[in-house]
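What follows is one structure encoded as structure tokens, with my remarks underneath.
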Amino acid sequence: MEDDNIKEENNRKNNFIKSIINEDIQKGKNSGKVITRFPPEPNGFLHIGHAKSICLNFGVAQEFKGKCNLRFDDTNPAKEDQKYIDSIISDVKWLGFDWGEKIYYASDYFENLYDFALELIKKDKAYVCSLTGEEMRQYRGTLTEPGKESPDRNRSIDENLDLFERMRNGEFTDGAYVLRAKIDMASPNINMRDPVIYRIKKMSHPRTKDKWCIYPMYDFTHGLSDSLEGITHSLCTLEFQDHRPLYDWLLDEVTAPCHPQQIEFARMNLNYTVMSKRKLQKLVENNHVDGWDDPRLPTIAGIRRRGYTPEAMRNFCNIIGVSKKESRIDVGMLENCLRDDLNERAPRVMAVLKPLKVTIENWQEQENSNSSDKNSVKEEKSFIEELDAQNHPQKPEMGTRKIIFSKTLFIEQDDFMENAPKKFFRLAPGREVRLRYGYFITCKHVIKDKDGNVVELICTYDPATRGGDSPDGRKVKGTLHWVSSEGSVPATVNLYDRLFMAEDPEAETDDFTKNLNPESLVRLEGCRVEKYLADAAPEKAYQFERLGYFCADSRESSKEHLVFNRTVTLRDTWAKVSQQ
RNA sequence: UGGGGCGUCGUCAAGCGGUAAGACACAGGAUUUUGAUUCCUGCAUUCGGAGGUUCGAAUCCUCCCGCCCCAGCCA
């Protein structure tokens, strides 16, 4: 972990936000302090896009020896729920960030916010308006035409004070009145056309319960909350650029503790997936996926269940950089970061996804000739042998384990071809291959069922090649992964692939679900995995040699019924070649 | 057609007036008991376009083109 942090530290790229902060520090702004915040609304699950913001905000704070607050922007009880608060906390924690002792909530500031509103009213900078929603829209004007002032705009300060207090006291129904900032109905920036800052919602709040029936709007709440927390740099996404004048206006009009600087950056988009809360919700609600933590979803909960590591995610967020350009990042980049990390940490193990039975016809003879071998164990029916396998060929410190060789083995169906081209380095009639950490075997006969499907291979092995080395220096083109019937246990394996077939699922269609990949999940039953995996912990990464990285599913896997998720495949040059 | 942004390799992305970093992808080659990993090598005479300023421009100026965002009592 220490090493990881050092490595991450060194790898951190510069970006325009850090440049701004650096200049600020140079100038002595905020006495050199850096305080950021990650401000999710608890109305859904976090996704990879949020991870970028989390890594940015917490990363910048760490780097400049400042701090980052985790703050819930919980100002709309109609959409928010405690379960989202819980899941967000757990996701941020999983990503590996520390928000200190305290979790912040905008709702903790409701009283302060109310006072700020009073202050605005007293300065004649806010008024209570009775326009209906429809009227408000009409008065607002359009993108090209200025708006009209509300008839209530010149209500007296005393009357505004009275009405606002009565709004708070619950004397009016939802929608009867709103509190608006008095700015400029002719502003070319629509956000400045007397924006609503408080609305009546007679609704219980997850945290303040029934204490309030008026709730502040985002624009009013956000900047003021930032100020109350002493935030120095308020980082948000591009769509809030138009709100910055309002953010600044509010902070200037009110006696705020400080005036944080809002800086906007582009949100992250990934190809072959969707990222918005609304679309993710549709996928979940219409059962296109199995819940918010479906391993195919770009939610934090999903990628975690899929087997992604926080280190890989953090590294990815660092590598893609931060800019104001809207982009769509290639998932290949994410997968590369994942493989990079998993290659380092995942113990290697063997598993056969689509087993093809292999019988070693000369194995029995071994029983007599080699019975003095101390690695040999005689069982009732079959003769088995224990061999050593490395847990990580590049990292001897990760140790070795015992694997079992016997007369009945399984190899991957894809590793045998009856009429193999010369470039096929695997098993074919008459050809010899190495079984990893086992023996060289040669295919002698092919057994088929009545439909012509290959159901079993009869092979011979070379006793001299124990462990996979040939004393005579004989070379073999291929090394196959395998498992023996005695040394393996059954398992179910979920092969996940990209959720959508189109790079941009929304392009050229009114319904992005039409681009769903029907093969985004292929569930394989009857797989065989090394016994070693029988008590694999959920989410712990293993490399199934030659296949990819897998982890036991945190929801479904049990000792009685193993279920593994494919996190990501290995790079596969052969797949590319063979397709041509 | 109001306002706010953005345009540098297939995809991200540095660059901030001194002559185009890096990563991924891609293409070759080496090593390999994972067709994995690792390791070399190659990969923008050019920065949306056109003018201009300058000894010198991706960087400064002008005009043009393209893309994104904004008319919730959502955030």
Side-chain angles (χ1 to χ4, degrees), chain A residues 11 13-15 19 39-41 43 73 75-76 78-80 129 131-133 136-138 140-147 174-180 187-193 195-201 215 217-219 221-222 236-245 264 266 268 271 277 319-337 339-340 343-344 348 350 389-390 392-394 423-426 434-438 440 465 467-470 476-481 503 543-548 569-578:
Chain A
N11 284 339
K13 296 168 64 168
N14 200 39
N15 61 51
S19 302
E41 183 192 11
N43 69 344
D73 249 340
T75 57
N76 185 0
K79 296 184 173 176
E80 297 153 10
C129 180
L131 253 29
T132 64
M136 187 100 67
R137 193 173 315 129
Q138 282 163 6
R140 189 151 35 222
T142 68
L143 295 178
T144 50
E145 297 160 315
D174 287 13
Y177 290 103
V178 293
L179 182 69
R180 294 225 253 168
S187 172
N189 181 344
I190 293 182
N191 293 300
M192 300 299 268
R193 318 239 260 231
V196 171
I197 56 179
Y198 261 95
R199 76 289 217 190
I200 302 171
K201 267 184 197 286
Y215 293 95
M217 297 288 287
Y218 164 84
D219 284 309
T221 309
H222 199 84
C236 64
T237 44
L238 252 29
E239 67 272 26
F240 292 105
Q241 287 178 118
D242 289 345
H243 295 240
R244 189 171 359 113
E264 311 86 7
M268 161 164 61
N271 60 10
K277 237 173 238 180
I319 266 169
I320 60 172
V322 180
S323 75
K324 300 189 76 158
K325 189 171 85 179
E326 308 196 38
S327 57
R328 184 172 290 277
I329 293 157
D330 189 344
V331 266
M333 248 202 267
L334 212 208
E335 292 174 346
N336 180 69
C337 290
R339 290 192 184 104
D340 236 31
N343 177 47
E344 290 292 311
R348 272 98 240 245
M350 292 197 283
Q390 290 177 273
H392 191 131
Q394 280 80 42
K423 297 282 266 179
F424 186 79
F425 299 155
R426 311 176 185 185
R434 168 169 40 233
L435 292 185
R436 178 145 239 230
Y437 303 125
F440 283 14
T465 58
D469 291 305
S470 56
V476 100
K477 286 294 254 183
T479 299
L480 308 187
H481 62 277
E503 273 207 44
Q543 185 194 97
F544 289 5
E545 292 211 43
R546 302 210 307 136
L547 295 172
T569 60
L570 252 28
R571 240 187 230 99
D572 191 352
T573 319
W574 166 245
K576 272 185 225 159
V577 174
S578 63

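In what follows, chains carry the letters A, B, and so on, assigned in the order in which the sequence lines appear, proteins first and then strands, with residues in each chain numbered from 1. Everything numeric in this text was worked out from a predicted model, so none of it was measured.
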Ionic contact status for A:Glu264 with A:Arg244, cut-off 4.0 Å: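 Yes.
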
query: Are A:Glu41 and A:Lys79 close enough for a salt bridge, meaning some N to O gap below 4.0 Å?
result: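 No, this pair does not count.
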
Rounded to whole angstrom units, what separation is found between the [atom1] atom of [X] and the [atom2] atom of [N]?
X	N	atom1	atom2	answer
A:Trp574	B:U32	CH2	P	21 Å
A:Lys477	B:A36	NZ	P	13 Å
A:Asp340	B:A36	CG	C1'	13 Å
A:Lys13	B:G15	NZ	C1'	12 Å
A:Glu335	B:A36	CD	P	16 Å
A:Asn14	B:A14	CG	C1'	9 Å
A:His392	B:A36	NE2	P	15 Å
A:Tyr437	B:U32	OH	C1'	12 Å

For [N], take OP1 and OP2 only and decide whether either is under 4.0 Å from a side-chain N or O of [X].
X	N	value
A:Thr144	B:U1	no
A:Thr573	B:A36	yes
A:Arg546	B:G35	yes

Polar atom pairs between nucleotides 6-8 of chain B and protein, under 3.5 Å, N or O only, would you list them?
residue, atom, partner, partner atom, Å
B:U8, OP2, A:Lys325, NZ, 2.7

Please enumerate all residues that pass ring pair (Phe, Tyr, Trp, His ring centres under 6.0 Å) together with A:His392, with sequence neighbours excluded.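 Checked A:His392 against ring pair (Phe, Tyr, Trp, His ring centres under 6.0 Å); zero matches.
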
Quick check on RNA chain B: between A:Asp330 and A:Phe424, whose nearest nucleotide comes earlier from the 5' end?
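It is A:Asp330 whose nearest nucleotide is closer to the 5' end.
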
>> Nearest to the side chain of A:Ile319, heavy atoms from C-beta on, is which of B:G35, B:C24, B:A23?
In response: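 Nearest listed nucleotide: B:A23.
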
Nearest to side-chain heavy atoms of A:Thr479, which nucleotide of B:U34, B:G15, B:U11: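 Output: B:U34.
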
For nucleotides 70-75 of chain B, 5' to 3', base contacts (B), sugar-phosphate-only contacts (S) and non-contacts (-) with protein non-hydrogen atoms under 4.0 Å give BBSBSB

Open item on the list: Using O4'-C1'-N9-C4 for purines and O4'-C1'-N1-C2 for pyrimidines, with syn meaning within 90° of 0, is B:G72 syn or anti?
Closed with: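 B:G72: syn glycosidic orientation.
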
